[in-house]
Amino acid sequence: MKKTVSVLGSTGSIGTQSLEVCEKHGLGVTALAAHSSVKLLAEQARKFRPEYIGIYNEEKYTELKSALSDMNVKIVCGMEGLCEIAALPQTDIVLNSVVGMVGLLPTLTAIDAGKDIALANKETLVAGGELVMSEIAKKGIALYPVDSEHSAIFQCLQGNKRSQLSKVILTASGGPFFGKTYDELRSVTKEQALNHPNWDMGSKITIDSATLMNKGLEFIEAKWLFDLTPDQIEIVVHRQSVVHSAVEYDDFSVIAQLGVPDMKIPIQYALLYPDRKPCPTGRLSLTDYGKLTFEKPDFETFRCLSTAIEAIKRGGAYPCLVNSANEEAVRAFLNDEIRFIEIGEIVSAVLDRFEPSQINCYDDVMKADKAAREYVRAAVSER
């Protein structure tokens, strides 16, 4: 029987590429869900003929229902709809590629329903890592990382003893402002920040890459995914985005995963694991690249990165607070309410603004999320 997939965030960059992989390898698409892109979601519905379609923005429900009035498909909306799709009994694996904290509850719902997870939603583990990994262990399901860096680490661990891992090496492109000083970042425009050198991503993730917050979030994810201490994670700037990450073992052997910078490779590995089949992407030619470079990140200039690392070292609610503060700060930047450099300033201030607290349940996550967002909104309004 062919594997069936539900795709949350189907109209985004990861979602559309996931559907390319599904089409290439004949995977069944049980359900599709998007935030608000009615036109593209309707086109996907007609092409893949899922049983369920979900739209998170409830104001778009009527428009979507009208666009698909001639189709025999169940249409759901809001968070309740996303969670219904995440728990469908006819789905084998849920690919979660929604952006932001919206992705946490559907992930927990899918886990509770015993579904394997292909995870591209960073906030799930950043905000609720201990909670999520605990539930996964109880259910005995598989969690496959979709981020290229975590997929690379996952691949490098295959056939080796996890107990012999010494550290992981997370590679970072460095974003569009690598080498810039803090003062130079003061004049950065939105257009410049949205111009990533290697990857085609949504606006929020692209800004996170420019501030290096993306790598900070991946640092936190890696801690939970691979049961690491912060001291076992090293970040290396690799401008070419060919070495996607590496693992060092106790004998100091380093095994790396390489490939062209194309997300379809890690997406396919997550959906088809353990099989490897031809991927709808290009081959890697090392001679075309000529050379690969590796440098240390600038932790002082890119304050979001150092803040995220400090948050996971402190533990408790701090990763959630920092993540939510970043979401609000990025939103403010994209709305021209603050400057680029102020994203890091606002996010780093969260560490001193809040007292330590623990995350024991979903409500704790939401409480921390709300507090951080209220703090950032107030800080933005004062600037």
Side-chain angles (χ1 to χ4, degrees), residues 5-19 21 31-37 54-57 78-79 81-87 91 93-113 115-133 135-136 141-151 153-154 199 201-209 213-226 263 266-267 269-271 308 312 319-320 322-324 326-328 330-331 359 362 365-366 368-369:
V5 184
S6 289
V7 181
L8 306 182
S10 67
T11 60
S13 176
I14 298 298
T16 54
Q17 292 178 85
S18 299
L19 291 176
V21 170
L32 299 171
H35 184 276
S36 54
S37 302
I55 189 88
Y56 180 70
N57 186 340
M79 180 59 76
L82 291 187
C83 291
E84 182 177 355
I85 285 176
T91 297
I93 184 167
V94 175
L95 190 144
N96 186 349
S97 64
V98 303
V99 177
M101 285 287 290
V102 172
L104 176 58
L105 187 56
T107 299
L108 290 171
T109 303
I111 293 169
D112 187 58
K115 304 299 174 185
D116 288 341
I117 310 290
L119 188 63
N121 171 257
K122 296 182 187 304
E123 292 75 14
T124 287
L125 290 179
V126 172
E130 188 169 6
L131 180 63
V132 170
M133 298 310 293
E135 291 303 310
I136 283 175
I141 63 168
L143 174 63
Y144 301 112
V146 171
D147 268 352
S148 60
E149 294 83 0
H150 301 121
S151 175
I153 294 167
F154 180 58
W199 297 96
M201 306 173 289
S203 59
K204 194 267 181 183
I205 299 174
T206 302
I207 299 301
D208 282 350
S209 181
M213 184 62 169
N214 209 39
K215 203 54 50 181
L217 299 180
E218 288 170 8
F219 187 103
I220 297 171
E221 284 184 280
K223 179 260 184 293
W224 294 116
L225 281 168
F226 307 110
M263 284 302 300
I267 290 168
Y269 194 70
L271 292 179
I312 191 59
C320 177
V322 165
N323 173 75
S324 298
N326 178 69
E327 281 193 25
E328 280 299 312
V330 169
R331 179 200 58 76
I359 298 292
Y362 177 73
V365 176
M366 291 298 99
D369 173 70

Quiz item: Of I220, L104, V322, which meets side chain to side chain contact (heavy atoms under 4.5 Å, CB included) against V126?
Solution: I220
Quiz item: Are the side chains of L143 and M133 in touch, meaning some heavy atoms are under 4.5 Å apart?
Solution: yes
Quiz item: Is the backbone N or O of D147 less than 3.5 Å from a side-chain atom of S151, with the two atoms forming a donor-acceptor pair by type?
Solution: no
Practice problem: Kindly write out the residues that satisfy side chain to side chain contact (heavy atoms under 4.5 Å, CB included) with T107, not counting sequence neighbours, or none if the list is empty. | Solution: N96, I111, L119, T124
Practice problem: On the 0 to 90° scale, with breaks at 30° and 60°, tag the Y56-H35 ring pair as parallel, tilted or perpendicular. | Solution: tilted
Quiz prompt | Which residues share a ring-ring contact (aromatic ring centres under 6.0 Å, His included) with Y144, sequence neighbours left out | solution = Y273
Self-check item: salt bridge (charged side-chain N to carboxylate O under 4.0 Å, His left out) against K204, all qualifying residues, sequence neighbours excluded
Solution: E123, D208
Self-check item: Atom of M101, atom of C320 and distance for their closest heavy-atom approach
Solution: CE-SG, 4.4 Å
Quiz item: Can you name the salt bridge (charged side-chain N to carboxylate O under 4.0 Å, His left out) partners of E84, sequence neighbours left out?
Solution: K74
Self-check item: Partner set under salt bridge (charged side-chain N to carboxylate O under 4.0 Å, His left out) for E135, not counting sequence neighbours
Solution: K138
Quiz item: Does A34 have any side chain to side chain contact (heavy atoms under 4.5 Å, CB included) partners at least two apart in sequence or in another chain, and if so, which?
Solution: S10, T11, L41
Quiz item: Got a donor-acceptor contact below 3.5 angstrom from the N121 side chain to the V98 backbone?
Solution: yes
Exercise. Taking side chain to side chain donor-acceptor pair (under 3.5 Å) as the test, write out the residues that go with D369, two or more places apart.
Key: S324, R373
Quiz item: What are the two closest heavy atoms between L125 and W224, and how far apart are they?
Solution: O-CD1, 3.4 Å
Quiz prompt | For A31, all residues meeting side chain to side chain contact (heavy atoms under 4.5 Å, CB included), sequence neighbours excluded | solution = S6, Y52, I85, L88
Practice problem: Sequence neighbours left out, what passes side chain to side chain contact (heavy atoms under 4.5 Å, CB included) with S18? Give chain and number order. | Solution: I14, L95, I267
Self-check item: Student check: side-chain heavy atoms of L271 and V5 closer than 4.5 Å
Solution: yes
Quiz item: Just by modelled atom types, is the G78 backbone N or O under 3.5 Å from a matching donor or acceptor in the N57 side chain?
Solution: no
Exercise. Only counting residues at least two apart or in another chain, list the ones meeting salt bridge (charged side-chain N to carboxylate O under 4.0 Å, His left out) with K215.
Key: E149, E218
Quiz prompt | Evaluation steps, side chain to side chain contact (heavy atoms under 4.5 Å, CB included), between V7 and L19 | solution = CA-CA 8 Å; V7 181; L19 291 176; 4.1 Å; yes
Self-check item: Heavy-atom side-chain contact between M213 and I207 under 4.5 Å
Solution: no
Quiz item: With a 4.5 Å limit on heavy-atom distance, are the side chains of M263 and S148 in contact?
Solution: yes
Exercise. Answer yes or no: is there a side-chain heavy-atom contact under 4.5 Å between I93 and K115?
Key: no
